[in-house]
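The block underneath contains the structure these notes are about, expressed in structure tokens.
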Number of protein chains: 2
Amino acid sequence: MTSANTTPTVTESAPAVRADIVEAATRVFSEHGYDGASMAQIAAEVGMRKPSLYHHVRKKEDLLFAIHGQLIDELTLETRQAIDAAADPAAQLAASLRVAMTFVSRNRDAVTVFLQENRAVRGERWDEVVGKRDAYERMVQEILSNGAATGAFVNIPPKIASKAILAMANWGYTWFNPDGPMSADEVADIFARIALTGLSKP
Amino acid sequence: MTSANTTPTVTESAPAVRADIVEAATRVFSEHGYDGASMAQIAAEVGMRKPSLYHHVRKKEDLLFAIHGQLIDELTLETRQAIDAAADPAAQLAASLRVAMTFVSRNRDAVTVFLQENRAVRGERWDEVVGKRDAYERMVQEILSNGAATGAFVNIPPKIASKAILAMANWGYTWFNPDGPMSADEVADIFARIALTGLSKP
DNA sequence: TTCTACCTACCTACCGGTAGGTCTGTTAGC
DNA sequence: GCTAACAGACCTACCGGTAGGTAGGTAGAA
């Protein structure tokens, strides 16, 4: 049994097919952008005609919504687990960066869509996703303020510092190549080194 | 007399009007994305009808091209000057970050287009822009390898480290608000602190 | 029979871009 | 100084094409 939708915005149907469609949409959106992609392209990727898509999906926007929701849920879960398993703020920060970087590496297309196609992410319908996105960022901010409280980190506004740290991992979607010379873990360790040393007290 | 174009890819006409159009396109592309934006919207922003636009611009793509070219030229120039005016690698790195961050702050729309709309940036026509973009990044990489050579910085692959550093500034386009509580300079100084400490030897 | 999953055919809206005309200010010839 | 030609800048009307989405039908499984 595949996972049920948290918000069933879409006509229920064979969940496996729907997952295939979302996956195909992820690839097509990533390559052509949300506006540049056509439903016909997505349909072709799944091996059906455009109108058949509408048997499983109500609107084009639903696909974008599904991609965003799925991604932020998975990333939040993985990060939460990594944080809980780490001993102190420094280890938590390193673990979060590692999760983020490997996540970007493993889900390049989805991350590309998530970070690049948020123009359409507006209005009531999206508040849920935006809220989760903020909650994710708050997890990182909390590590930073805990670290500042215990004296592990220098006293820098967590809202700004979190931007710097997440930027490193997020930006990976523009350049990181999983088949390149370095693994996501190796890159993450370098970034963690910069971040941890950069935030440590002199 | 206003400045002549470095590459006259577009029908010459009153240069001031053309500049207005590029500026309008920057706003509209930034808000709706390249594919989501229409020539009619851009025309309306300048106060004319769509067909009149084509008196000044040959194709929609020319506008994107103009935005990219203009931005990378300005950013490169400003960064070059800042680097040349700084004494040592550490100061150069801080200065570059400051230039990048204030640039993002001053040209949010253009930077948004530059960083977000590069799907269409392919083919012969764009090689020039891509080359300049790489050259910009190489400037930063050089600071890092110089710093590693003089012993100011720890020995981290400059290609990776430059990604981390540029990420901080670039990512600013997604969140930084010039009317917010902190100035671009203040944020840049924080980032520089993280980067410099993060790269310094233990 | 009824439901699911798919199809062909089609609708409306809008896109980038063109054709071709008009208005206006500048210049040339007398 | 007057007029005729010209060119730049803009317009309305329109084209071919494609987009998202719908109508309505069919084949097969239960």
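Residue numbers begin at 1 in each chain, while the letters A, B, ... track the order of the sequences.
Closest to the side chain of Tyr54(A), out of dG16(C), dC6(C), dG21(D), is dG21(D). When the nucleotides dG20(D), dT8(C), dA13(D) are ranked by their closest atom to the side chain of Pro51(B), dA13(D) comes out on top.
Side chain Lys60(A) to base dG21(D): no donor-acceptor pair is found below 3.5 Å. You won't find any donor-acceptor pair under 3.5 Å spanning the side chain of Lys59(A) and the base of dG20(D), going by distance alone.
Proximity of residues 25-49 of chain A to DNA chain C (heavy atom under 4.0 angstrom from any strand atom) is restricted to Met48(A), Arg49(A).
The pair Arg125(B)-Asp62(B) meets the salt-bridge criterion, since a charged nitrogen lies less than 4.0 angstrom from a carboxylate oxygen. With respect to the salt-bridge test (charged N to carboxylate O, under 4.0 angstrom), the residues Asp189(B) and Arg193(B) do not qualify. We find that Glu128(B) and Lys132(B) are joined by a salt bridge, their nearest charged nitrogen and carboxylate oxygen being less than 4.0 Å apart.
Between Leu71(A) and Val113(A) the shortest side-chain heavy-atom distance does not fall below 4.5 Å.
For His56(A) and dC6(C), the shortest distance from a side-chain N or O to OP1 or OP2 is below 4.0 Å. Taking 4.0 angstrom as the limit, His55(A) places none of its side-chain polar atoms (N or O) nearer than this to OP1 or OP2 of dC6(C). The side chain of Ser52(A) places an N or O atom within less than 4.0 Å of a non-bridging phosphate oxygen (OP1 or OP2) of dC7(C).
A cation-pi arrangement is absent between Arg119(A) and Tyr34(A) under the rule of less than 6.0 angstrom and at most 45 degrees off the ring axis.
To the nearest angstrom, C1' of dG8(D) lies 17 Å from CZ of Arg18(B). Distance, Glu61(B) CD to dG16(C) C1': 13 Å, rounded to whole Å. Atom CG in Leu53(A) sits roughly 18 Å away from atom P in dT4(C) (whole-Å rounding).
Residue Ser52(A) forms a side chain to side chain contact (heavy atoms under 4.5 Å, CB included) with just one option from His55(A), Met48(A), Lys50(A), His56(A), and that option is Met48(A).
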